[in-house]
Structures are given as structure tokens and as C-alpha cells.
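Notes follow once the structure below has been shown.
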4 protein chains.
Amino acid sequence: MRKSKTSLIFQAAIDVFSEKGFDKATMDDIAARANVAKGTIYYHFKSKEELFLFLVEEGVEMLRDGVESKLLDDMHPREKIELILREQISFFGQYRDFCVILLRESWGAEDRQLEFRKMIRSYMSLIEGVVREGIEADTFHSVNAENAGSALFGMAAIASLHILLGKGEYDEEQLFSDLKRMALAGLVK
Amino acid sequence: MRKSKTSLIFQAAIDVFSEKGFDKATMDDIAARANVAKGTIYYHFKSKEELFLFLVEEGVEMLRDGVESKLLDDMHPREKIELILREQISFFGQYRDFCVILLRESWGAEDRQLEFRKMIRSYMSLIEGVVREGIEADTFHSVNAENAGSALFGMAAIASLHILLGKGEYDEEQLFSDLKRMALAGLVK
Amino acid sequence: MRKSKTSLIFQAAIDVFSEKGFDKATMDDIAARANVAKGTIYYHFKSKEELFLFLVEEGVEMLRDGVESKLLDDMHPREKIELILREQISFFGQYRDFCVILLRESWGAEDRQLEFRKMIRSYMSLIEGVVREGIEADTFHSVNAENAGSALFGMAAIASLHILLGKGEYDEEQLFSDLKRMALAGLVK
Amino acid sequence: MRKSKTSLIFQAAIDVFSEKGFDKATMDDIAARANVAKGTIYYHFKSKEELFLFLVEEGVEMLRDGVESKLLDDMHPREKIELILREQISFFGQYRDFCVILLRESWGAEDRQLEFRKMIRSYMSLIEGVVREGIEADTFHSVNAENAGSALFGMAAIASLHILLGKGEYDEEQLFSDLKRMALAGLVK
DNA sequence: AATGAATGAGAATTCATTCAT
DNA sequence: TATGAATGAATTCTCATTCAT
């Protein structure tokens with residue numbers, strides 16, 4: 001009786017959505033997983049769509065806030081990028097299911113999907129800002145900051161999920177070290 | 001009367017699946033788009049699943065073959081990476097809808113999705129090979145080649161789609177130049 | 001703080017039922033309109049059905065009592081019919097929503113509907129009595145009094161609602177004059 | 001195998017709708033009554049709403065056409081009114097269920113209900129025309145023709161249903177004679 | 001007396017698939 | 001080969017009613 005119904009539903013929804021995707025997941029699935037009557041979900045969330053949106057909102061916020069709170073003003077841009085990569089890798093490891101949802105459901109023209117991309121964009125623009133800062137400080141090469149932002153996000157996201165959904169162990173250190181090298185120093189010696 | 005029913009259906013399926021995604025697309029949609037009776041689709045393809053699988057197979061093959069055919073043995077690994085990035089950026093620009101399908105439908109535990117990831121993996125391993133080659137030739141830093149492969153694929157994929165699904169113009173040259181810089185020389189000056 | 005909960009609910013129920021009809025009206029609607037928790041309604045009324053029945057009972061009683069109280073023994077049957085028509089026209093104008101409920105929910109085989117028809121019948125039989133009286137006094141042509149009762153009720157009801165639910169103004173005088181003429185003197189000169 | 005599925009559904013729908021009303025009637029009911037799978041209904045009719053609308057359209061048309069086709073130009077207005085009354089009484093007797101639907105579902109503000117009233121109005125205006133004709137020929141008293149139209153329709157409708165839904169026998173002759181008298185000659189001797 | 005969270009039995013609608021022609 | 005009418009299982013969502021507080 002510790003958990004509120006709302007958070008039971010929330011947890012169950014993450015599980016089910018990440019397992020089956022938005023369309024294949026059913027409210028019956030979620031209700032069963034949460035040990036709650038179907039009507040109860042609708043008492044707390046207006047629709048499947050809204051439940052899903054809420055869930056993604058929370059997740060992206062968590063990722064962004066986690067990174068944002070650790071970024072200190074007096075850090076060097078290079079250090080900031082490192083921190084972002086490290087955080088993102090760790091977040092993906094910790095919330096694999098949520099990250100699957102994110103990559104799965106963000107592409108398309110439905111309202112929900114547009115909404116998701118907007119959220120992701122809000123996170124990317126955080127990275128973008130750091131890149132811009134580095135360029136202005138003449139520490140970074142002059143690249144299009146938006147491209148850099150989405151590329152950094154994408155490289156970390158896909159590489160993380162590639163491992164997490166494969167059979168291998170998720171060696172965060174190795175991945176971090178590789179991505180750091182590629183992003184900051186480049187592949188070429 | 002030129003086109004075989006099969007290819008009519010195939011074309012219609014690409015259109016509809018990329019527009020709506022696997023689940024939201026209906027066989028009626030596809031039949032209507034192909035100007036064919038619904039039963040006819042079932043005469044040519046066993047199921048919706050099979051039609052979709054066939055379609056994605058063709059697409060990934062196209063991407064891989066396009067890259068593979070242009071990779072020459074005597075190219076420098078750096079040149080090969082450049083070529084791969086350029087090709088992938090161009091492919092995503094050309095087949096945006098197919099790429100959306102790919103990113104949308106590859107994450108999950110259904111057979112179809114495992115199948116997709118296997119296909120993508122086959123493409124990634126092509127990149128992986130080049131990285132390994134570069135490391136062995138002592139041109140590249142020593143990174144985990146698998147990580148590098150998925151990171152390179154992911155960076156190009158996400159950055160491309162980020163632009164293609166936003167409102168901006170798809171400036172392939174700029175994107176290529178930025179990704180090349182990040183991947184090969186690194187952000188830091 | 002003046003109003004008892006019961007009458008708050010009663011008022012809200014009239015509003016909501018007439019706006020949406022029995023089936024489309026929800027207990028949530030009514031509770032919200034009454035500014036009362038849903039459970040409270042069930043504290044005062046056993047069920048939706050009972051609440052509705054109670055409400056219609058009151059309404060029909062109001063109509064019948066209104067007419068009955070104005071019918072004086074020494075009136076001429078012709079005058080009585082006139083009075084009934086006038087009263088009914090005025091009642092329909094004043095309680096349009098209730099009258100809609102009445103016409104909407106009285107036809108069918110459910111208990112509730114049988115109950116309603118019984119109530120309406122009790123009102124009709126009031127008219128019937130006057131007709132019978134007129135026939136016995138040899139003032140009215142000899143018609144089947146039951147037919148006459150329902151016909152008079154129906155002519156006034158439908159004509160009233162026809163105007164009230166259309167866009168036109170509700171000209172009670174004109175309507176009264178027309179119905180009186182038709183019912184008492186007939187159309188033909 | 002004689003009947004087309006469409007007409008099977010049509011018949012079943014009339015039965016069920018008149019028995020239970022639009023809201024209480026379920027597509028399952030109708031499918032079961034028609035001995036057809038639920039999906040089949042949706043193959044032939046886009047929605048419950050549309051099925052219902054179609055049904056009412058047909059019915060009103062039948063009533064109006066029936067009357068219209070029997071109205072001859074050289075009839076006296078009085079004869080025309082008689083004919084209309086007779087026809088309507090007979091129609092209500094024959095299609096009691098449909099008529100219940102009509103009186104049940106025409107009152108309210110939903111689109112469907114507005115649509116219904118429009119249909120009924122189209123029938124009423126037929127009566128209206130005859131009344132106007134009579135007034136112009138100086139055969140009828142000068143009343144508001146619209147009021148007369150709705151009143152005549154209403155008197156016949158309610159009186160018919162009053163009998164048909166009660167236990168008594170439906171004595172068409174008696175009812176016709178009574179209504180004719182009231183409408184044309186008036187109650188008063 | 002009053003509350004409102006929780007319930008679960010339906011309801012309308014969709015759609016992949018089948019099959020007789 | 002091709003068709004499209006027919007199917008029925010599955011899905012989202014609604015809402016009267018209950019009950020612990």
C-alpha cells in the first residue's frame with residue numbers, strides 16, 4: 001500500500017510501452033502490470049496518448065535536469081562535453097526502457113511525435129549551447145552547433161542502445177572513453 | 001499495364017508504411033494506394049508482417065550496397081569514413097521516409113524488430129571494418145571498433161533526421177563537413 | 001448555504017437531463033453542475049433511474065396540478081378546453097427542457113418508460129374527462145373521448161415544441177388562437 | 001440466402017432501435033438480430049449514427065411519398081386533409097416501430113436530431129401547403145399554416161401511438177373519424 | 001452526511017485475414 | 001490470378017455504482 005496508484009501505473013506504463021511500443025501496448029496490458037483496474041488508469045490519465053506523453057515528458061526532463069544540474073559555469077567546454085557524454089551514457093544504462101521508447105516513438109508526423117521531438121530538441125539545445133560556447137572561446141572548431149548537438153546526442157544514444165539491446169555487457173567506461181575520443185579528439189591520430 | 005501487381009503493391013507499401021508506421025498503416029490503405037483489391041495483396045504476400053519485412057530488407061540492402069560498391073580497396077581509411085558519411089547523409093536525404101521506418105521500427109523484442117536490428121548491424125559492421133582497418137594501420141586511435149561503428153551510424157542518422165523532420169533546409173554539404181570534422185578531427189582544436 | 005443538497009441535485013439533474021437526455025447525461029455531469037461529489041448523489045437517490053423518475057414525476061404533477069387548479073366546476077366545457085390548451089402552451093414555453101425530456105423518454109418498453117406513459121396518461125385523462133362532459137352535455141360532437149384527449153395533448157405538444165426547437169419566436173397568443181380554432185371550430189369555415 | 005446482408009441489417013436495426021432507442025441499442029444487438037457479424041454492419045454502414053440516419057431517412061421518405069403520391073391536384077383541400085390523416089394513421093399502424101423511433105429521437109440538440117427534425121419538417125410542410133391552399137380558396141379559416149401543419153401531424157402521431165403502445169385495439173376507422181371531425185369540423189357542435 | 005478514488009462490465013469501432021466466386 | 005464481402009478478435013474509452021474514510 002506504499003505506492004500511489006498513479007506511480008504504479010506510471011511504472012507499469014514504462015515497462016509495457018518500452019516492451020511493445022506505443023501502438024502495440026494496450027491499456028489492458030498496463031492495467032494488468034500495475035495490478036489496477038483499467039478504469040483506474042482512465043481516472044488518472046485522460047487517454048493512452050496523455051499517459052504516454054506524461055511519461056516521456058518526465059523522462060526527458062530527468063535526463064536534462066540531471067545533466068544541467070551537474071554543469072558548472074566554470075567548467076571548460078571540453079569538460080562539459082565530457083560530462084554530457086558520461087551522463088547520457090549512464091542515463092541510457094539506467095533507463096534503458098525509457099530510452100527505447102524515446103528512439104522508437106519520436107519519428108513521424110503525429111502530434112505526439114512532434115511533441116516528443118520538441119522535448120528532445122530542448123535537450124539537444126543544451127548540448128548546442130556548450131558547443132557554441134566552445135567555438136566562441138576558440139577552443140572548438142567552428143561547426144554548425146545544431147548539427148553538433150544532434151550528432152553528439154545521436155552518437156551516444158545509438159551506441160548505447162546498440163549495446164544494451166545486443167547481448168554484450170554494457171561497459172560504460174569503454175563506451176565513454178571511445179565516444180569522448182571520437183567527439184573531442186577525432187578518430188585520426 | 002506495364003507494372004506488375006507485385007511492384008505496384010511494393011511501391012504503395014513504402015509510401016503508406018513510411019507515412020503512418022507499421023501499426024497505423026492498414027492493408028486497406030495499401031490496397032487503395034496500389035489500386036488493387038485487398039485480397040490481391042494476400043495473393044502476393046503472406047501477411048502484413050511479411051510485406052513489411054521484405055520492404056525493409058530491400059531498403060537496407062540498398063544502403064549497404066550503395067556504400068559497399070563505392071568503397072575501393074586502395075582508399076585510405078580516413079577517405080573510407082568520409083565516403084561512408086557522405087553516402088549515408090545522401091541516402092537519408094533521398095529516402096527520408098524509409099529511414100524513418102528504420103529508426104521507428106527497429107527497437108523492441110518482436111521477431112520483426114530483431115530481424116531489423118540484424119540488418120542494421122550488418123551495415124554497421126561494414127563501418128566497423130573500416131575503423132578496425134584504420135586502427136591496424138595505426139592511422140586511427142585505438143577505440144572499440146563496434147562502438148565506433150554504431151556511434152558513426154548513429155551520429156549521421158540522428159543528425160540527418162533531426163534536420164529532415166525539422167523545418168530547415170537539408171544542407172548536405174554543411175552536415176557532411178561538420179560530421180567529418182567531429183568524427184575524424186574532433187571538436188577540440 | 002440556503003439550499004439543501006437534495007434540491008441542488010434536483011435542479012442540476014433537470015438541467016443536465018434536458019440538455020443531454022437520459023442516456024447521454026452522466027452522474028458526473030450532474031454532480032459537477034450541483035457542485036456536489038458524485039457519492040453524494042447516491043446518498044440521496046438510489047440510482048440514476050430513480051433520480052430521473054422522481055424528476056419526471058414532479059414535472060408531470062406540476063403540469064397536471066397547474067391545469068387542475070384552474071379548472072372550475074362551473075366552466076363551460078368549451079371554456080375548459082380553451083383553458084387546458086392555454087395552460088399547456090404556457091407550460092411548454094416555460095419548461096421547454098422538461099417537455100423535451102417527456103417526449104423523448106416516454107416511448108419504449110422499459111419500466112421507466114411505462115411509468116412515464118402512465119403519468120402522461122393521467123394528464124390526458126383529465127382532458128378526456130372534459131371532452132366526455134361536453135359530449136354528455138350535448139355541446140361536443142360524439143367522439144371517442146380517449147382519442148380526443150390524446151389528440152388534443154399531442155397537437156399542443158408537438159406544435160409547441162416545433163416552434164420552441166426551431167428558431168422562431170414563441171408566439172403563444174397566435175398558437176393558442178390557432179389551436180383553439182382547430183380543436184373547437186375546425187378548419188373548415 | 002434470398003436477402004442481401006444490407007437489408008437484413010436494415011430490418012434488424014429498425015427492430016432494435018425501436019425497442020431500445022438509439023442510445024440503448026447496441027451494435028451487438030443489431031448484429032445478433034440480423035444474424036451477421038458485427039464487422040459486417042461496419043462494412044455496410046460507416047457508424048451507428050449513419051445506420052440510424054439512413055433508416056430514418058428511408059422511413060420519412062416513405063411516409064411523405066405515400067401521401068404525396070395520393071394527393072391529386074383536383075382534390076378539395078378538405079379532402080386532402082382527410083387523405084393525409086387517413087394515410088398517416090395507416091402508416092403509423094403499419095410501421096409502429098419506426099414511428100416510435102421518430103417520436104423518440106427527434107428532440108434534442110445533437111446533429112442527428114436536428115437532421116431528423118428537418119426531415120419531419122419536410123413532411124409537415126406538405127400539410128402546411130394544403131392548409132394554405134384551403135385558406136386561399138377561402139374554404140379554411142385563416143390560421144397560421146405552420147402551426148396548423150405541426151398540430152395536425154402531432155395530433156395524429158400522438159393519438160396513434162397512444163393507442164398502439166397501450167393495450168387496446170388499433171381501430172383505424174374510429175380514430176380517423178374522430179381526428180377528421182376535430183380537425184375539420186371542431187369539437188363544438 | 002459527504003466524499004471521490006477505484007472498479008469492471010460494456011460500448012463503438014478497427015482491421016488483418018479468409019474464402020467463395 | 002484477382003476480387004471484395006464477411007468475419008470476429010482485439011482495442012480504446014465510458015460511466016453507473018460502490019465503499020473506505
Side-chain angles (χ1 to χ4, degrees), chain A residues 1 4-6 8-9 22-32 34-51, chain B residues 4-6 8-9 22-32 34-52, chain C residues 4-6 8-9 22-32 34-52, chain D residues 1 4-6 8-9 22-32 34-51:
Chain A
M1 285 305 148
S4 74
K5 297 279 178 195
T6 305
L8 277 178
I9 294 168
F22 180 79
D23 287 303
K24 281 277 180 16
T26 73
M27 295 303 257
D28 273 304
D29 289 340
I30 296 171
N35 260 327
V36 150
K38 199 174 8 176
T40 307
I41 303 184
Y42 282 92
Y43 187 78
H44 292 276
F45 298 90
K46 223 170 44 208
S47 66
K48 188 184 178 185
E49 194 92 16
E50 201 198 51
L51 168 58
Chain B
S4 73
K5 296 278 179 196
T6 306
L8 276 178
I9 293 168
F22 179 78
D23 287 300
K24 286 274 169 38
T26 72
M27 296 302 259
D28 273 300
D29 289 340
I30 296 170
N35 264 327
V36 150
K38 197 167 22 168
T40 308
I41 303 184
Y42 283 88
Y43 187 79
H44 293 274
F45 298 89
K46 214 172 55 202
S47 67
K48 189 184 179 187
E49 193 90 15
E50 199 198 51
L51 169 57
F52 190 48
Chain C
S4 73
K5 296 279 179 197
T6 306
L8 276 178
I9 294 168
F22 180 78
D23 287 300
K24 285 273 170 37
T26 71
M27 296 302 258
D28 273 300
D29 288 341
I30 296 171
N35 262 327
V36 150
K38 197 169 17 169
T40 308
I41 302 183
Y42 282 89
Y43 187 80
H44 293 273
F45 297 89
K46 215 172 55 202
S47 67
K48 189 185 179 186
E49 192 90 15
E50 200 198 51
L51 169 57
F52 191 47
Chain D
M1 284 306 146
S4 74
K5 297 278 178 195
T6 305
L8 276 178
I9 293 167
F22 180 79
D23 288 303
K24 280 276 179 19
T26 73
M27 296 302 258
D28 273 302
D29 289 341
I30 297 171
N35 260 330
V36 150
K38 198 171 11 172
T40 307
I41 303 183
Y42 284 92
Y43 188 78
H44 292 275
F45 299 90
K46 221 170 48 207
S47 65
K48 188 185 179 186
E49 193 93 15
E50 202 198 50
L51 167 58

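Quick note on labels: first sequence line is chain A, next is B, and so on, each numbered from 1. Side-chain atoms are counted along with the backbone in the values below, which use heavy atoms only and exclude waters and symmetry mates.
- In this structure, A:Ile30 and A:Val36 have side chains that are not in contact, with every pair of non-hydrogen atoms separated by 4.5 Å or more.
- A:Lys48 contributes a side-chain N or O that, together with a main-chain N or O of A:Ala25, makes up a donor-acceptor pair within less than 3.5 Å.
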TODO: Evaluate the side chain to side chain contact (heavy atoms under 4.5 Å, CB included) criterion for residues B:Asn35 and B:Leu8: first the C-alpha distance (whole Å), next the side-chain angles of each, then the deciding distance (0.1 Å), finally the verdict.
DONE: CA-CA 8 Å; B:Asn35 264 327; B:Leu8 276 178; 5.9 Å; no
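- Considering every non-hydrogen atom in both C:Lys46 and C:Glu50, the closest pair reads N-OE1, 2.8 Å.
- The neighbour count for C:Lys24 NZ, taken as heavy atoms of other residues, nucleotides or ligands under 6.0 Å away, is above 12.
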Open item on the list: At under 4.0 Å between heavy atoms, how does the protein contact nucleotides 16-21 of chain E? Give one character per nucleotide, 5' to 3', with B, S or -.
Closed with: SBB---
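- Of the two residues contacting DNA chain F, namely D:Thr6 and B:Val36, the nearest-nucleotide position lying further toward the 5' end is that of B:Val36.
- In this entry the distance linking CG of D:Asn35 with C1' of F:dT7 reads 14 Å, nearest Å.
- Here the P atom of nucleotide E:dA2 and the CG atom of C:Leu8 are 10 Å apart, to the nearest Å.
- Rounded to an integer number of Å, the gap from CD1 of C:Ile30 to C1' of E:dG4 is 17 Å.
- The side chain of B:His44 places no N or O atom within less than 4.0 Å of a non-bridging phosphate oxygen (OP1 or OP2) of F:dT1.
- When all heavy atoms of B:Ala37 and B:Ala31 are compared, the closest pair comes out as C-CB, 4.2 Å.
- If C:Lys5 and A:Lys5 are placed on DNA chain E by their nearest nucleotide, the residue sitting closer to the 5' end is C:Lys5.
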Open item on the list: For Watson-Crick and G-U wobble pairs within 3.5 Å on both distances, what is DNA chain E written in dot-bracket notation, | included for inter-strand pairing?
Closed with: .||||||||||||||||||||
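- Residues C:Tyr43 and A:Ile41 each lie close to DNA chain E; by heavy-atom proximity, the contact nearer the 5' end of the strand is made by C:Tyr43.
- Under the rule for a ring pair (Phe, Tyr, Trp, His ring centres under 6.0 Å), the partners of D:Phe22 that lie at least two apart in sequence or sit in another chain are D:Phe17, D:Phe52.
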